[in-house]
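Written out below as C-alpha cells is the structure these notes cover.
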Amino acid sequence: MERKAIYPGSFDPITNGHVDIIQRGKKIFDKIIVGVLDNPKKSPLFTIEERIQLIKEIFSQDPAVEVMSFSGLLVDFARRNGVNVVIRGLRAISDFEYEFQMALMNRKLAHEMETLFMMPSLKYSFLSSNMVKEVFQLGGCVKDLVPPQVEEALKNKILNSKL
Ligand code: ADP
C-alpha cells in the first residue's frame, strides 16, 4: 500500500525550507500531498492559484509530490484523501508551542491523525515566507532562500505592484 502524508501550509510563497522538508518527507513516504491553505483572511501576496502553480512547477519532474488546495479543517482534508499523517516543519524554538497545540487539537478532532515534525537543514532554520517577502520588498537578495521560479514570481509581482 502507498504510504502518503499531507504537508499543509500557506506557502506564500514556497521557500527552500519548505522544499527541504518535502525532500525529507519523501524518504519516509511514497507520496507527499502538499496542501495549500486557501484562507483569504491571511491576505496572501500570491493567490491560491499562483502558490499552487509555483509548487507544481518546482516539482514538475517528481511524481511523488502532489499539490492540492484546501480550506476548512485540515483533518477533513486529510480524511477526504485517506491520509492520517501530517508533516510539519519545525524551525527554531518559536514554532514549538503553536505546533504542539495544533497537533493535539488535530488528534482530538480525528484520533487517527498523527503529526510528524521534521527539522530542516540548519541553513533554513531561520527562514520564513514572511522574511523572504520582506527582504525582497526592501531590495535584498533572496537567491539562496527560494527556488528560481519563486524569485522570478516575486520580481513580477512586486514590480507590477509598483507600476
Ligand atoms: P503556516 O501558515 O501553516 O505556518 P507556512 O507556509 O508558513 O504555513 O508553513 C508550512 C509548514 O512549513 C509549517 O509546518 C512551517 O513550520 C514549515 N516551515 C516554514 N518554513 C520552514 C523552514 N524554513 N524550514 C522548515 N519548515 C518550515
Side-chain angles (χ1 to χ4, degrees), residues 4-29 31-59 62 64-78 81 83-110 113-137 140-151 153-154 157:
K4 290 190 203 171
I6 286 180
Y7 179 37
S10 309
F11 304 102
D12 183 38
I14 186 167
T15 69
N16 285 346
H18 295 123
V19 172
D20 179 295
I21 297 293
I22 294 169
Q23 302 294 8
R24 286 174 202 282
K26 276 175 47 190
K27 293 192 219 163
I28 308 175
F29 297 95
K31 179 144 271 168
I32 304 289
I33 300 174
V34 182
V36 184
L37 180 63
D38 187 7
N39 180 3
K41 270 198 208 142
K42 277 200 169 178
S43 24
L45 177 65
F46 291 98
T47 64
I48 183 79
E49 292 81 16
E50 289 168 333
R51 284 178 278 149
I52 287 177
Q53 186 55 32
L54 280 169
I55 305 170
K56 282 191 172 165
E57 276 172 32
I58 292 160
F59 291 98
D62 192 341
V65 179
E66 200 173 318
V67 192
M68 292 177 165
S69 74
F70 77 101
S71 55
L73 286 178
L74 172 61
V75 293
D76 291 338
F77 173 58
N81 287 283
V83 177
N84 63 1
V85 181
V86 169
I87 295 178
R88 294 287 287 176
L90 208 52
R91 289 164 291 183
I93 44 173
S94 52
D95 280 333
F96 181 76
E97 196 168 335
Y98 173 67
E99 292 293 341
F100 190 72
Q101 276 183 357
M102 210 157 59
L104 292 181
M105 180 55 79
N106 283 335
R107 185 187 286 163
K108 181 168 166 48
L109 294 171
M113 206 60 61
E114 293 295 342
T115 305
L116 178 69
F117 292 103
M118 303 196 80
M119 273 70 76
S121 159
L122 190 61
K123 61 180 184 284
Y124 302 133
S125 289
F126 295 91
L127 178 59
S128 67
S129 299
N130 280 341
M131 191 65 81
V132 164
K133 285 182 278 191
E134 229 170 286
V135 168
F136 190 86
Q137 262 154 348
C141 176
V142 295
K143 192 170 172 294
D144 297 328
L145 310 178
V146 295
Q149 295 91 335
V150 172
E151 197 185 356
L154 279 165
K157 175 74 64 178

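As the structure lists them, so they are numbered: ligands from 1, and atoms in each ligand from 1.
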Original post:
What is the nearest protein non-hydrogen atom to atom 6 (O) of ligand 1, stated with its residue, atom name and distance?
Top reply: F11 N, 2.9 Å
Original post:
ligand 1 versus P8, non-hydrogen atoms closer than 4.0 Å: side chain, backbone, both, neither?
Top reply: backbone
Original post:
Of all the non-hydrogen atoms in the protein, which one sits nearest to atom 9 (O) of ligand 1, and at what distance?
Top reply: H18 NE2, 3.5 Å
Original post:
Is K42 in contact with ligand 1, taking contact as a heavy-atom separation below 4.0 Å?
Top reply: yes
**OP:** Answer yes or no: does an N/O atom from S10 fall short of 3.5 Å to an N/O atom of ligand 1?
**Re:** yes
Original post:
If you count the atoms of ligand 1 from 1 in the order shown, which ones are under 4.0 Å from a heavy atom of L127?
Top reply: 20 (N), 21 (C), 22 (C), 23 (N)
Original post:
In Å, rounded to the nearest 0.5 Å, how long is the span from CG of N16 to CD1 of I21?
Top reply: 12.0 Å
Subject >> Interatomic distance, S121 atom OG to D20 atom CG [nearest 0.5 angstrom] >> reply: 5.5 Å
Original post:
Counting heavy atoms only, which part of R91 comes closer than 4.0 Å to ligand 1: side chain, backbone, both or neither?
Top reply: side chain
**OP:** Could you find the nearest protein heavy atom to atom 3 (O) of ligand 1 and give me its residue, atom name and distance?
**Re:** R88 NH1, 3.1 Å
Original post:
What protein heavy atom sits nearest atom 17 (C) of ligand 1, and how far off is it?
Top reply: Y7 OH, 3.5 Å
Original post:
Roughly how far apart are F46 CZ and L154 CG, rounded to 0.5 Å?
Top reply: 4.0 Å
Original post:
Quick one: do K123 and D144 make a salt bridge, cutoff under 4.0 Å?
Top reply: no
Original post:
Is any side-chain heavy atom of V146 less than 4.5 Å from a side-chain heavy atom of F136?
Top reply: no
**OP:** Considering only non-hydrogen protein atoms, determine which one is nearest to atom 25 (C) of ligand 1 and report residue, atom name and distance to 0.1 Å.
**Re:** P120 CG, 3.3 Å
**OP:** Evaluate whether atom CE of M131 has more than 12 neighbouring non-hydrogen atoms of other residues, nucleotides or ligands under 6.0 angstrom away.
**Re:** no
Subject >> Within-cut-off N or O pair, G9 and ligand 1, under 3.5 Å >> reply: no
Original post:
Does a side-chain heavy-atom distance below 4.5 Å link V19 with F59?
Top reply: yes
Subject >> Residue and atom name of the nearest protein heavy atom (relative to atom 16 (O) of ligand 1), distance in Å to one decimal >> reply: G89 O, 2.7 Å
Original post:
Which atom pair, heavy atoms only, marks the closest approach of H18 to S129?
Top reply: CE1-OG, 3.4 Å
Subject >> Spacing of L116 atom CG and R24 atom CZ [to the nearest 0.5 Å] >> reply: 12.0 Å
Original post:
Touching ligand 1 at all, E99? Heavy atoms, strictly under 4.0 Å?
Top reply: yes
Original post:
Rounded to the nearest 0.5 Å, what separation is found between the CD atom of E99 and the CZ atom of R88?
Top reply: 4.0 Å
Subject >> 4.0 Å heavy-atom contact, F126 with ligand 1 >> reply: no
**OP:** For ligand 1, indicate whether the residue I21 contacts it via side chain, backbone, both or neither (heavy-atom separation under 4.0 Å).
**Re:** side chain
